Amino acid sequence: MKFHHLLQTTAVRLALRYVALYALVLGLGLGALMLTSVWLTDEQRGEHLEQDYAALLREIENGNAAAAVSQQLEGALAAGRFYLLVTPNGEKLAGNLLRWPPEPEIPLDGEVHKLWLDEDAFPTGLYQGEPHLLVIATALPG
């Protein structure tokens with residue numbers, strides 16, 4: 001029997017339809033699983049970030065902001081945490097992040113936001129491309 005004739009049989013057509021339907025359902029299920037896991041991971045990372053932010057603000061209230069940020073830097077890079085303290089005109093005072101975007105896409109409201117940074121904002125070779133980060137940006141008094 002030739003291949004062309006085999007494709008015209010009801011059994012093969014039905015099997016191909018089931019394979020296509022299975023692939024569609026599997027793709028939708030895996031897509032939903034991926035989106036849910038990314039959302040849950042971002043939620044958990046955001047909660048941890050808020051806790052670290054609150055602890056850092058308490059340290060800043062007790063002393064110098066640059067000293068508090070410098071104290072947080074111990075082991076921060078290994079843990080994938082980045083800090084940056086800049087003056088109102090953008091000059092770096094402390095932190096392991098090299099620079100902040102010239103026109104930040106997020107408000108300085110102390111809330112968790114998603115931000116894409118260029119790879120040159122990180123220490124050399126740490127990230128390739130434009131990494132997606134959860135960040136909290138705020139203006140400190142003084």
Side-chain angles (χ1 to χ4, degrees), residues 3-142:
F3 184 71
H4 180 347
H5 293 292
L6 188 62
L7 289 178
Q8 293 179 350
T9 64
T10 305
V12 172
R13 285 185 193 173
L14 189 59
L16 290 175
R17 286 182 185 155
Y18 277 124
V19 166
L21 180 64
Y22 178 76
L24 177 67
V25 169
L26 184 64
L28 289 174
L30 288 176
L33 178 66
M34 183 191 75
L35 289 175
T36 303
S37 64
V38 166
W39 178 76
L40 287 174
T41 302
D42 279 353
E43 285 292 314
Q44 187 176 39
R45 288 175 43 214
E47 289 174 9
H48 289 198
L49 185 60
E50 288 172 339
Q51 291 170 359
D52 288 349
Y53 173 69
L56 183 61
L57 282 182
R58 283 191 299 274
E59 289 181 30
I60 289 172
E61 288 174 0
N62 296 332
N64 184 356
V69 169
S70 296
Q71 186 179 24
Q72 290 291 323
L73 292 177
E74 296 176 21
L77 203 55
R81 300 196 190 270
F82 299 95
Y83 298 90
L84 182 63
L85 181 66
V86 296
T87 63
N89 60 359
E91 294 175 35
K92 180 179 174 180
L93 295 176
N96 56 357
L97 202 59
L98 301 178
R99 66 174 183 79
W100 189 248
E103 297 177 14
E105 303 163 0
I106 60 171
L108 302 174
D109 61 0
E111 299 292 325
V112 176
H113 298 279
K114 293 181 181 180
L115 178 69
W116 295 88
L117 288 175
D118 294 329
E119 64 183 69
D120 60 350
F122 299 93
T124 306
L126 194 59
Y127 283 106
Q128 301 297 324
E130 295 182 351
H132 158 255
L133 299 174
L134 294 179
V135 300
I136 295 179
T138 189
L140 299 174

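Counting from 1, the numbers follow the sequence of the chain as shown. Only a predicted model underlies this, so the values are computations on that prediction, with no experimental measurement involved.
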| query | What do the steps show when you test Lys114 against Asp42 for side-chain contact (heavy atoms from CB on, under 4.5 Å), and what is the final call? | reply | CA-CA 9 Å; Lys114 293 181 181 180; Asp42 279 353; 3.3 Å; yes
| Ser37 side chain to Met34 backbone, donor-acceptor under 3.5 Å |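 Indeed, once roles are kept as given, a pair shorter than 3.5 Å links the two residues.
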| query | If every non-hydrogen atom of Ala94 is compared with every non-hydrogen atom of Val69, which pair is closest and at what distance? | reply |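 Of all heavy-atom pairs spanning Ala94 and Val69, the closest is CB-CG1, 4.0 Å.
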Separation between [atom1] of [X] and [atom2] of [Y], rounded to the nearest 0.5 Å:
X      : Y     : atom1 : atom2 : value
Glu61  : Leu56 : CD    : CG    : 10.5 Å
Leu133 : Leu49 : CG    : CG    : 10.0 Å
Leu21  : Leu16 : CG    : CG    : 12.5 Å
Lys92  : Leu84 : NZ    : CG    : 6.5 Å

Should [X] and [Y] count as side-chain neighbours, where that means a heavy-atom distance under 4.5 Å?
X      : Y      : answer
His113 : Leu134 : no
Leu93  : Thr87  : yes
Tyr83  : Asn96  : yes

| Under the criterion side-chain contact (heavy atoms from CB on, under 4.5 Å), which of Glu50, Gln44, Arg45 is the partner of His48? |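 For His48, the side-chain contact (heavy atoms from CB on, under 4.5 Å) test succeeds with only one of Glu50, Gln44, Arg45, which is Gln44.
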| task | Let me see the working for Tyr53 and Thr138 under side-chain contact (heavy atoms from CB on, under 4.5 Å), right down to the final yes or no. | result | CA-CA 10 Å; Tyr53 173 69; Thr138 189; 3.3 Å; yes
